[in-house]
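The structure appears below as structure tokens.
A note on names: the letters A, B, ... follow the listed sequences, proteins ahead of strands, and every chain is numbered from 1. Here the structure is a predicted model, which means the values were calculated and not measured.
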Amino acid sequence: MTTPEKETSDFIRNIIKEDIREGRFGGRVHTRFPPEPNGYLHIGHAKAIVLNFDVAAEFGGLCNLRFDDTNPSKEDVEYVEAIQRDIRWLGYDWGDRLYFASDYFEQLYEFAVQLIKEGKAYVDDLSPEEIREYRGTLTEPGKESPYRNRSVEENLDLFERMRAGEFPEGSRVLRAKIDMASPNLNLRDPVMYRIMYVTHHRTGDKWCIYPTYDWAHGQCDSLEGITHSLCTLEFENHRPLYDWFLDQLGIHHPKQIEFARLQLNYTIMSKRKLIRLVEEGHVSGWDDPRMPTLSGMRRRGYTPEAIRNFCNRIGVAKSNSVVDYGMLEHAVREDLNARAPRAMAVLRPLRLVIENYPEDRVEEIELPVYPQDKSRTETRVVPFSRTLYIEQDDFAEVPPPKYRRLSPGREVRLMGAYYVTCTDVIKDEATGEIIEVRCTYDPETKGGQSPDGRKVKGTIHWLSADHAVPAEIRLYDKLFLKENPEEVDEEGADFTSNLNPNSLEILTNAFVEPELANAEVESRYQFLRHGYFCVDPDSRPGRPVFNLTVSLRDTWAKISS
RNA sequence: UGGGGUGUCGCCAAGUGGCUAAGGCAGCGGACUUUGAAUCCGCCAUUCGUAGGUUCGAAUCCUACCACCCCAGCCA
């Protein structure tokens, strides 16, 4: 288990410290994570989750989970369940503070009535197209709607009838009466309610008018007593509107602070685009191990601790930045290096026969499970015999410069077992492909050291052919070829044209240690000299399936290329 | 051409007028090594978007300019 970064400091925490020092909100800190249940959570959401929950915990406060379910046409219970599962998996607990914007629909309606009564909101009969035209542009002010100055009584009556279902969808809206000439377009009489004859996943058919996010969000935060509403940069322009609503209503006024959302290179984060990957079959589902979703990363083998550490390490600021994917990989390696048990796996097998080793002999080789940690003494047993599998890459008939693995005439160590020297190479006569390597072993080198003190340059892993367990191993590479998947070569193409055709490679002829035959789903291992792997739910007894989480750093790859 | 933001090392990111501009990732050396892993040591911004100015002193203050992001959904 890695220890979380301590002393994280960023502009948001600085503001909160200042607020506490000055006694704002009575020294209280209460945050919330407010997802819309219209998709699965991804690593970008993790940044917001970690921020909100950690900040609350650090300052002795609480963090709520609230679903902003104001648009039933896009939302579904499937998502509200998946989201809760993912947040729990990440390691966070909202106690009994699970809320829904829809819990507040009645209260929001009353707030709206209050604004109407004060002449601060009105029912508008303009069509959507007309509203757009009347809004004006970035450089020109808008025009006031002809319905803007209806009487309070008429507005009250109309609004009530909107709720009663007397008008067709899209025919009327409730708008705030603010300023059609404001340079901030959000203040040009924003829509508060729209008519939608859509069944809501929680309120059923109780409502046919639904609040917009802009109208609902700030009041929901207020009702929950939120002190610090942390949100992403694009809502900075909306803050004056949220402030206006809260001030008109005269209710608790949380402080909104905006930060930059997470962007990762070689990755897309937009929910709309992730949905496309799923629906168009570019990936197997939301939990495809190549997806940046939390469920995908979980299946891939990422740990909650690694993700949390990553989130704390990238910091929180206001500049639009793109984090290098390597940072994420570093975070998993760091965590898994410390805690993953080691095992040997041969991904692309090559037979190795030890000519001077007895035909029927089987030895039990004892190897440490956590060799990287001298304080741990657990061991495992791996059978050794005359015929082994080694990695194809660990033999070279003509060794390249600096190669220290097996080649004709050379001696290497079979990890934990014996020194072997290559005596011969057997090839397929037709294709010339190497199908077997012949060796002799030195019986004096049992355990991997020689009494005469001679050194070998290389140590390779191995598996006894008769004992190895067949396994399927799925290797993953980046889902996209470009750092910025949106950057497209040809006109008319979109991000899918940058999909990496080799992002998944399935090895069906791999082998693992006998002990792993029935490894538990989601358990993680380091396959020595390869990387970290995680047991996939597709595993069957006696035929486990492993997903590559992340490979080990590979300096040989740099040297050899 | 309106408004709101942001610009510090290849990538994140501290820094809020005064010791030699934190730290992490990546990279590069070297030590160690029964994982070409891990670990350990060392190197890696005379410079803070640009140009001026204020000051004994500026990444931090002022002025102008430049670049990038967000806003014209009855999405969130």
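Residues satisfying the ring-ring contact (aromatic ring centres under 6.0 Å, His included) test with F67(A), not counting sequence neighbours, are F100(A). For T421(A), the side-chain contact (heavy atoms from CB on, under 4.5 Å) partners at least two apart in sequence or on another chain are E411(A), T440(A). Applying the ring-ring contact (aromatic ring centres under 6.0 Å, His included) test to H330(A) and every residue at least two apart in sequence or in another chain returns nothing. Considering only residues two or more places apart in sequence or on other chains, R553(A) meets the side-chain hydrogen bond (donor to acceptor under 3.5 Å, both in side chains) condition with none of them. With sequence neighbours excluded, the residues that form a ring-ring contact (aromatic ring centres under 6.0 Å, His included) with Y79(A) are Y40(A). Every residue two or more places apart in sequence or in another chain that forms a ring-ring contact (aromatic ring centres under 6.0 Å, His included) with Y403(A) is listed here: W556(A).
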Treat primed atoms plus P, OP1 and OP2 as sugar-phosphate and everything else as base, then score nucleotides 8-13 of chain B 5' to 3': B for base contact with protein heavy atoms under 4.0 Å, S for sugar-phosphate contact only, - for none. ---BSS
Output a table of donor-acceptor pairs, distance under 3.5 Å, between side-chain atoms of residues 319-327 of chain A and any protein atom two or more places apart or on a different chain; print 'none' if there are none.
{"unit_1": "D324(A)", "atom_1": "OD1", "unit_2": "G326(A)", "atom_2": "N", "d": "2.6"}

So which protein nitrogen or oxygen atoms get under 3.5 Å of nucleotides 39-41 of chain B's nitrogens or oxygens?
none

Polar atom pairs between nucleotides 16-19 of chain B and protein, under 3.5 Å, N or O only, would you list them?
none

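For the contact set between residues 174-193 of chain A and RNA chain B, defined by any heavy atom under 4.0 Å, the members are P183(A), L185(A), V191(A). For the segment residues 159-168 of chain A, no residue has any heavy atom less than 4.0 angstrom from an atom of RNA chain B.
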